[in-house]
Novice: 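After the structure tokens below, expect a handful of questions from me.
To find a chain, count down the sequence lines: A is the first, B the second, and so on, and within it residues start at 1. None of the values given here were measured: they were computed from a predicted structure.
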2 protein chains.
Amino acid sequence: MPRNKSQNQQLRDERREQILSQALMLFAKRGLAATKITDIADASAISQGLMYHYFSSKEAIFVELISRAFDRLNQACRWLEEQSMPPLEKITFALTELLKLLDQDEHAACYHLLIAQATASDAIPDEAKAIILRENTFPYESISRIMAAGQQEGTIKQYDADQLALIFWTSINGLAIYKAVHGTKYLAPNVEILVGMFQSNHL
Amino acid sequence: MPRNKSQNQQLRDERREQILSQALMLFAKRGLAATKITDIADASAISQGLMYHYFSSKEAIFVELISRAFDRLNQACRWLEEQSMPPLEKITFALTELLKLLDQDEHAACYHLLIAQATASDAIPDEAKAIILRENTFPYESISRIMAAGQQEGTIKQYDADQLALIFWTSINGLAIYKAVHGTKYLAPNVEILVGMFQSNHL
DNA sequence: GTCTATATCCAGATAGAC
DNA sequence: GTCTATCTGGATATAGAC
């Protein structure tokens with residue numbers, strides 16, 4: 001019994017996802033240039049030639065991953081802003097979830113690392129650069145708005161909201177990298193330490 | 001008039017330093033794999049072939065830079081520990097200096113970025129890995145000791161000192177990367193925000 | 001010491017057999 | 001759809017001229 005079109009398509013999609021998943025790990029750990037297409041093929045347990053039936057090039061895989069990474073991140077930010085929670089609680093919630101992700105969800109941690117790596121590197125495809133340029137500011141602005149709202153309430157410290165957002169994300173990025181390096185030996189820091197940067201003292 | 005031996009040696013050393021300096025910038029921005037030896041040669045205004053009179057390989061340059069980066073960092077940590085300053089002041093001083101460095105000293109910022117990049121990447125020479133493994137813990141331990149001393153005094157928050165040290169360095173790393181990416185558009189955050197993570201509230 | 005020219009190697013991408 | 005074999009380009013490293 002031959003498979004029909006939609007079944008074939010589904011199989012193809014699954015394989016694609018599998019390749020993307022393996023590529024994500026490798027790119028996150030080694031970077032784009034140092035990851036060979038054979039590495040991805042080996043990790044995906046397919047031949048190198050077959051890779052080109054699913055993706056037109058190594059760079060195409062990278063670009064798709066970068067695009068997805070920002071989609072996830074920006075969607076999460078949008079969701080957070082929409083919640084009816086006091087601003088300080090949103091910040092605490094976000095930090096808690098991010099630390100949990102880094103600690104427990106290898107896949108999610110790699111997405112975060114990919115963003116950190118890609119934004120830090122000059123040596124990425126132009127298309128990826130364009131995505132970063134377009135999408136990267138949103139998470140900063142989103143957190144900045146929440147910080148500003150918290151300052152109105154007096155629950156968040158009265159520094160420049162953009163600076164607070166900057167430190168929010170750079171701290172998370174730094175932790176993501178540390179986790180990637182030290183793996184097992186990493187023990188997640190107490191969320192309260194991070195929250196302490198933003199929370200007003202006089203509560 | 002022919003130059004004597006020591007003059008020749010000096011010239012040679014200067015050229016070597018020049019190459020290292022250019023390589024540092026490139027490695028920090030693009031990573032090891034994505035930096036071609038011709039890039040370094042071009043930036044140093046010498047031919048590609050001549051590179052091999054000064055260094056045996058691209059990797060050798062990288063290893064020397066990593067080694068120097070840790071020498072600088074660890075020496076600075078040692079110096080800080082030796083000062084007769086209250087612990088909290090040491091932390092504030094260190095953060096102030098690090099932010100100033102990131103903001104104003106391109107060269108120093110690249111060293112920091114190189115460490116961040118190299119520790120984050122799997123795709124570096126074994127020799128570089130060995131250096132990182134050997135040298136990387138010192139800065140963490142050093143800051144952790146200062147944190148612990150501050151806790152004894154009651155000037156620093158009573159969280160696990162290792163966690164505080166971890167956050168200290170990962171925050172700086174995150175900022176270093178952000179700075180590298182956004183360059184001109186980066187405005188250094190207020191030191192007090194960072195200090196606020198560590199300083200006891202009841203002062 | 002410095003350059004140009006060249007050998008070697010390896011990774012990305014393609015072609016063609018099954 | 002999947003593999004193996006091959007082409008091609010580019011980067012490292014070397015050799016040899018000046």
Novice: Suppose we screen for salt bridge (Lys or Arg N to Asp or Glu O under 4.0 Å). Which residues come up paired with A:Arg16, at least two apart in sequence or across chains?
Specialist: A:Glu64

Novice: Check the distance between D:dA11's C1' and B:Asp39's CG and give it to me in whole angstrom.
Specialist: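 Computing the B:Asp39:CG to D:dA11:C1' distance gives 10 Å.
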
Novice: Quick check on side-chain hydrogen bond (donor to acceptor under 3.5 Å, both in side chains): which of B:Thr119, B:Asn136, B:Thr137 does A:His182 satisfy it with?
Specialist: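 Filter result, single survivor: B:Asn136.
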
Novice: Could you tell me the separation between the CD atom of B:Gln7 and the C1' atom of C:dG1, rounded to a whole number of Å?
Specialist: 16 Å

Novice: Which residue pairs pass the side-chain hydrogen bond (donor to acceptor under 3.5 Å, both in side chains) test when at least one of the two sits in residues 20-44 of chain B, sequence neighbours left out?
Specialist: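 Not a single pair qualifies under side-chain hydrogen bond (donor to acceptor under 3.5 Å, both in side chains).
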
Novice: Reading nucleotides 5-10 of chain C from the 5' end, what letters show protein touch, with B for base, S for backbone sugar-phosphate only, - for no heavy atom under 4.0 Å?
Specialist: ------

Novice: Got a sec, which residues hit salt bridge (Lys or Arg N to Asp or Glu O under 4.0 Å) with B:Glu97, two or more places apart in sequence or on another chain?
Specialist: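 Expected list: B:Lys100.
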
Novice: What integer distance in Å separates B:Asn8:CG from C:dT2:C1'?
Specialist: 14 Å

Novice: Could you name each residue pair satisfying side-chain hydrogen bond (donor to acceptor under 3.5 Å, both in side chains) that touches residues 140-151 of chain B, not counting sequence neighbours?
Specialist: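 side-chain hydrogen bond (donor to acceptor under 3.5 Å, both in side chains) check on residues 140-151 of chain B returns B:Glu81-B:Ser142, B:Glu81-B:Arg145, B:Ser144-B:Asp162.
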
Novice: Roughly how many Å is it from CG in B:Leu50 to C1' in D:dT12, rounded to a whole number?
Specialist: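 From B:Leu50 CG to D:dT12 C1': 15 Å.
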
Novice: What integer distance in Å separates A:Arg16:CZ from D:dG1:C1'?
Specialist: 16 Å

Novice: Does B:Glu82 have any salt bridge (Lys or Arg N to Asp or Glu O under 4.0 Å) partners at least two apart in sequence or in another chain, and if so, which?
Specialist: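 Testing B:Glu82 for salt bridge (Lys or Arg N to Asp or Glu O under 4.0 Å), a comparison that skips the adjacent residues, returns none.
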
Novice: Any ring-ring contact (aromatic ring centres under 6.0 Å, His included) involving residues 94-118 of chain B? Give me the pairs, sequence neighbours left out, ordered by first then second residue.
Specialist: B:His107-B:Tyr111

Novice: Only pairs at least two apart or in different chains count here, so list each ring-ring contact (aromatic ring centres under 6.0 Å, His included) that has a residue in residues 40-78 of chain A.
Specialist: A:Phe27-A:Phe62

Novice: What integer distance in Å separates B:Met51:CE from C:dG1:P?
Specialist: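 Checked: the CE to P distance equals 16 Å.
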
Novice: Return whichever of B:Thr35 or A:Ala45 has its heavy-atom-nearest nucleotide of DNA chain D closer to the 5' end.
Specialist: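 Comparing both residues, the 5'-ward one is A:Ala45.
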
Novice: Below 4.0 angstrom from OP1 or OP2 of C:dG1, is there any side-chain N or O of B:Arg15?
Specialist: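 So the side-chain polar atoms of B:Arg15 never come under 4.0 Å of the phosphate oxygens OP1 or OP2 of C:dG1.
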
Novice: Would you kindly give the CD1-to-C1' distance between B:Ile46 and C:dT4, to the nearest whole Å?
Specialist: 14 Å

Novice: Does anything in residues 52-65 of chain B reach DNA chain C, meaning a heavy atom under 4.0 Å, and if so which residues?
Specialist: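 DNA chain C contact set from residues 52-65 of chain B: B:His53, B:Tyr54.
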
Novice: Do the side chains of B:Glu17 and B:Arg68 get close enough for a salt bridge, i.e. N-O under 4.0 angstrom?
Specialist: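 Answer for the salt bridge query: yes.
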
